[in-house]
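Working notes, beginning with the structure itself.
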Amino acid sequence: MSTVAGAPQQRTPIRPARVLLHTFLVVTALAWLAPLLWALLAAMRPYAETSEKGYVSWPDKLTFDNFTNAFQQSDMLHYFGNTLLIAVPAVLLTLLLSSMVAFYVSRFDFRVNLSLLLLFTAGNLLPQQVIITPLYRLYLLIDLPGITMSGKLYDSALGLVLIHVAFQSGFCAFVLSNYMRSLPHELTEAALVDGASVWRLYWQIVLPLCKPAMAALATLLSIWIYNDFFWAIVLISTGENMPITSALNNLSGQYFTDPNLVAAGALLTAIPTLIVYFVLQRQFVSGLTLGANKG
């Protein structure tokens, strides 16, 4: 039945369940944003004002001086470079190696198919603290003269890259194998009939179809590796070789620490992760919702 032009349309009644849902989402969003907004307010206030009036007070003056001082005093640009040298190769190697494992266990049938996938995934169940001592001794024993500045795997960016690849590959292989199983087998079968090699099947057919899942994993890996501080403390001894998470230590003095300056530094270190998320936002969301409408 057609609607008469110009006639007022009937409004959809507001359901109480929908009101409660939106209220819950707004409250949850504010709860998540509250610490960030509080840190931003503290970073823009001079320390003299907060020490006199307290942090729970209305600000008299807002300035970006803390951000400038935090960037200069912590030598943040240098530590950003260190982190970039670790995170980029670690993310690329993890995605490459885990996608190879996922392709093999998902597109080919053999007896130890599931066992191999479980072996990679089981690595994520092992607490990192359990292997500190043997891994530390192993890194000290591996000599790499002419390859690393220290001459060993210890105290080098290469050491951090390898440990991140080892720990993150299991999760990525598990996610990518599940996604590759959802791809039609007719694609690979047709390519095999046409004479395509296994490498071409992986590189030119299957891998381009995994872009949403790869983008979602790349976003998660970038954030996880960027925020890592545990392995940097254990496997790096030279302060100049540490990643960005250690730059905040340069803002803390022996007898005095400016919380406003530290808050500004913490917000500055969070900028790259936000950039990565906004650049890959569309692919990240589509990767998380894969398979939501199937079935």
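Residue indices begin at 1 and follow the sequence shown. None of these values were measured; they are calculated from a predicted model.
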| task | Take Thr269 and Asn227, measure what side-chain contact (heavy atoms from CB on, under 4.5 Å) needs, and give me the verdict at the end. | result | CA-CA 9 Å; Thr269 59; Asn227 290 329; over 6 Å; no

| field | Side chains of Phe174 and Asn178 in contact at under 4.5 Å (non-hydrogen atoms) | value | yes

| message | In this structure, would Leu162 and Leu141 fall into the same cluster of hydrophobic residues linked by side-chain contacts under 4.5 Å? | response | no

| query | Would Leu176 and Met214 count as a side-chain contact (heavy atoms from CB on, under 4.5 Å) if you check the C-alpha gap in whole Å, the side-chain angles of each, and the deciding distance to 0.1 Å? | reply | CA-CA 8 Å; Leu176 289 175; Met214 298 281 282; 3.8 Å; yes

| query | Is there a side-chain contact between Cys210 and Tyr179, using heavy atoms and a 4.5 Å cut-off? | reply | yes

| field | Distance, nearest 0.5 Å, that separates CZ of Arg200 from CG of Leu192 | value | 11.5 Å

| task | Might you confirm whether atom CZ of Phe64 has over 12 heavy atoms from other residues, nucleotides or ligands at distances under 6.0 Å? | result | no

| task | Side-chain contact test, heavy atoms from C-beta onward, threshold under 4.5 Å: evaluate it for Leu261 versus Tyr47 and give yes or no. | result | no

| task | Could you tell me which residues satisfy side-chain hydrogen bond (donor to acceptor under 3.5 Å, both in side chains) with Lys53, sequence neighbours excluded, listed by chain and number? | result | Asp60

| Phe171 vs Trp224, ring pair (Phe, Tyr, Trp, His ring centres under 6.0 Å): CA-CA, chis, key distance, verdict | CA-CA 12 Å; Phe171 171 76; Trp224 291 341; 5.6 Å; yes

| task | Take atom CD of Glu52 as the centre, draw a 6.0 Å sphere, and report whether it contains more than 12 heavy atoms from other residues, nucleotides or ligands. | result | no

| message | Donor-acceptor pair, distance only, cut-off 3.5 Å: does the side chain of Asn82 make one with the backbone of Glu240? | response | yes

| said: Can a donor-acceptor pair be found, under 3.5 Å and without considering hydrogens, that links the side chain of Asn260 to the backbone of Ala42? | reply: yes

| field | Atom CH2 of Trp32 with >12 non-hydrogen neighbours under 6.0 angstrom | value | no

| Hey, are the side chains of Thr94 and His164 touching, using non-hydrogen atoms and a 4.5 Å cut-off? | no

| query | Quick one: does Lys152's side chain get under 4.5 Å of Tyr139's, heavy atoms only? | reply | no

| message | For a 4.5 angstrom cut-off between non-hydrogen side-chain atoms, does Leu183 reach Arg107? | response | yes

| Between Tyr154 and Tyr136, what is the ring plane arrangement, given parallel below 30°, perpendicular above 60°, and tilted in between? | perpendicular

| said: As a quick check of understanding, evaluate side-chain contact (heavy atoms from CB on, under 4.5 Å) for Val101 and Ser169, giving each step before the final call. | reply: CA-CA 9 Å; Val101 174; Ser169 295; over 6 Å; no

| said: Could you tell me if the side chain of Leu201 sits less than 4.5 Å from the side chain of Phe103, heavy atoms only? | reply: yes

| OH of Tyr226: more than 12 outside heavy atoms within 6.0 angstrom? | yes

| said: Quick check: do Leu187 and Leu209 have side-chain heavy atoms less than 4.5 Å from each other? | reply: yes

| request: Would you check, one step at a time, whether the test ring pair (Phe, Tyr, Trp, His ring centres under 6.0 Å) holds for Tyr202 with Tyr104? | output: CA-CA 9 Å; Tyr202 158 76; Tyr104 193 65; over 10 Å; no

| query | Counting only heavy atoms not in Gln204, do more than 12 sit closer than 6.0 Å to its CD atom? | reply | yes

| field | Asp75: salt bridge (charged side-chain N to carboxylate O under 4.0 Å, His left out) partners, not counting sequence neighbours | value | none

| task | Inspect the surroundings of CZ in Arg181 and state if more than 12 heavy atoms from other residues, nucleotides or ligands are less than 6.0 Å away. | result | yes

| When rounded to the nearest 0.5 angstrom, what is the spacing between NE2 in His78 and CD1 in Ile244? | 10.0 Å

